[in-house]
Q: 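Quick one: the structure is below, questions incoming.
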Amino acid sequence: TQSTRPQRILGAVQQNATRGDPRSVVRAIDQYCRSQEWAMNVGDEKGCILDSVVSEVNPSTVLELGTYCGYSTVRIASLLPPHAKLITLEFNPKFAVIARQVIAWAGLEDKIQLVEGSSGDLIPKLKEQFGVKAFDLVFLDHWKDRYLPDTKLIEECGLLRKGGVLLADNVICPGAPEYLEFVRSSPRYESQYFKSHLEYTKVEDGLEKSVFLG
Ligand SMILES: Nc1ncc2ncn(CCCCCNC(=O)c3cc(-c4ccc(F)cc4)cc(O)c3O)c2n1
Ligand SMILES: [Mg+2]
């Protein structure tokens, strides 16, 4: 039977990455998606910007919206301090099954909690169900038209600490125009655009970093 793209990405990890070595998992996915078939991972170019923001924030708690195969999940978690935790939300069970195996291959199960469901349903439950106080960093990489409503939901639920950072992928391609307009015009955010390219292509894309001022 025909394999799926996420299954082929997992295969590339299992064939080319070293168990317990997160950076070799990231490298294996990038090499596969650059040479064999495109996939919607944040990728190596935007990934370096992601790395620099994660290192600068040095977060204790991270929320990722949209796991897909776990590429950015592993990339972020590989940079977290020892007791830091990352919660990642994925609503497609087929993606979640693959992401769990990619996370396990990287040896990062203890740092990462993958929760299946949609962001709109799960965000209001994160405090009571997962004992989360507030996030230091939120990486938005899910439905582009959910970036703005979920940002408002995260604020309403008091899930973003003062000085906490929102980092949004794909603000140019596919684009999140309402989100960009909001974070760039709101007095409660200090935003900065990091120009880059759509993963594995020459098409323009970028990340928007927005610091919550409280
Ligand atoms: N609410 C909720 N809660 C939880 C969830 N978990 C998953 N989802 C649904 C997420 C579905 C995938 C989202 N990601 C993208 O669509 C995406 C697309 C492109 C792209 C594609 C084609 C092109 F020609 C050019 C660019 C590139 C990217 O880097 C992208 O990240 C959820 N939704
Ligand atoms: Mg993306």
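Computed over heavy atoms, backbone and side chain alike; hydrogens, waters and symmetry mates excluded. Indexing begins at 1, ligand by ligand and atom by atom, following the structure's order.
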Q: Can you list the ligand 1 atoms lying under 4.0 Å from a non-hydrogen atom of Asp169?
A: 29 (O)
Q: What I want to find out is whether Lys202 reaches Asp205 closely enough, with some N-O distance under 4.0 Å, to be called a salt bridge.
A: no
Q: So, is Asn41 placed with an N/O/S atom under 2.8 Å from the Mg ion (ligand 2), counting both backbone and side chain?
A: no
Q: Taking only heavy atoms of Glu90 into account, list the atoms of ligand 1 that are under 4.0 Å away from them.
A: 6 (N), 7 (C)
Q: Validate the cation-pi geometry between Arg184 and Tyr193: distance from NZ or CZ to the six-membered ring centre under 6.0 Å, angle to the ring axis within 45°.
A: yes
Q: Treating Ser24 as the side-chain partner and Thr18 as the backbone partner, does any N or O pair qualify as donor plus acceptor under 3.5 Å?
A: yes
Q: Is it true that the side chains of Glu64 and Ser72 contain a donor and an acceptor less than 3.5 Å apart?
A: yes
Q: Please report whether ligand 1 has a polar contact with Asp150, defined as an N or O pair separated by less than 3.5 Å (distance criterion only).
A: no
Q: What atoms in ligand 1 come closer than 4.0 Å to a heavy atom of Asn170?
A: 27 (C), 28 (C), 29 (O), 30 (C), 31 (O)
Q: Please report whether atom 7 (C) of ligand 1 has a protein non-hydrogen atom at a separation of less than 4.0 Å.
A: yes
Q: Only heavy atoms of Glu199, strictly under 4.0 Å: list the atoms of ligand 1 that pass.
A: 27 (C), 28 (C), 29 (O)
Q: Less than 4.0 angstrom from a charged side-chain N to a carboxylate O is my criterion; do Lys144 and Asp169 meet it?
A: no
Q: If you consider just the N/O/S atoms, which atom of Asp141 is the closest one to the Mg ion (ligand 2)?
A: OD1
Q: Is the ring pair Phe212/Tyr189 parallel, tilted or perpendicular, if the boundaries are 30 and 60 degrees?
A: tilted
Q: When rounded to the nearest 0.5 angstrom, what distance separates CG in Asp150 from CD in Glu156?
A: 10.5 Å
Q: Within the structure, does Asn41 bring an N/O atom to less than 3.5 angstrom of an N/O atom in ligand 1?
A: no
Q: Any nitrogen or oxygen of Phe91, side chain or backbone, less than 3.5 Å from one on ligand 1?
A: yes
Q: Quick check on the Mg ion (ligand 2): does Glu199 put an N/O/S atom closer than 2.8 Å to it?
A: no
Q: Tell me whether Gln192 contacts the main-chain N or O of Lys209 through its side chain, where contact means a donor paired with an acceptor under 3.5 Å.
A: no
Q: Can you check which of Glu64, Lys144, Glu116 brings a heavy atom nearest to atom 15 (C) of ligand 1?
A: Lys144
Q: Using a 4.0 Å cut-off to any heavy atom of Gly117, which atoms of ligand 1 qualify?
A: 4 (C)
Q: Please determine if Lys152 forms a cation-pi arrangement with Phe182, meaning its NZ or CZ atom is less than 6.0 Å from the six-membered ring centre and no more than 45° off the ring axis.
A: yes
Q: Going from NZ on Lys195 to CD on Glu204, what distance comes out if it is rounded to the nearest 0.5 angstrom?
A: 3.5 Å
Q: How is the N/O/S atom of Asp169 that comes nearest to the Mg ion (ligand 2) named?
A: OD2
Q: Looking at ligand 1, does any of its N/O atoms fall within less than 3.5 Å of an N/O of Asp141?
A: yes
Q: Could you tell me whether Ser119 and ligand 1 have an N or O pair separated by under 3.5 Å?
A: yes
Q: Protein non-hydrogen atoms only, distance under 4.0 Å: does atom 24 (F) of ligand 1 have such a neighbour?
A: no
Q: Rounded to the nearest 0.5 Å, what separation is found between the CG atom of Leu148 and the CG atom of Leu153?
A: 11.0 Å
Q: Report yes or no: do Tyr68 and Asp141 form a side-chain donor-acceptor pair below 3.5 Å?
A: no
Q: Numbering the atoms of ligand 1 from 1, which are under 4.0 Å from a heavy atom of Arg146?
A: 1 (N)
Q: Is there a polar contact, in the sense of an N or O pair closer than 3.5 Å, between Lys46 and ligand 1?
A: no
Q: Measuring from the heavy atoms of Trp38, does anything fall under 4.0 Å of ligand 1?
A: yes
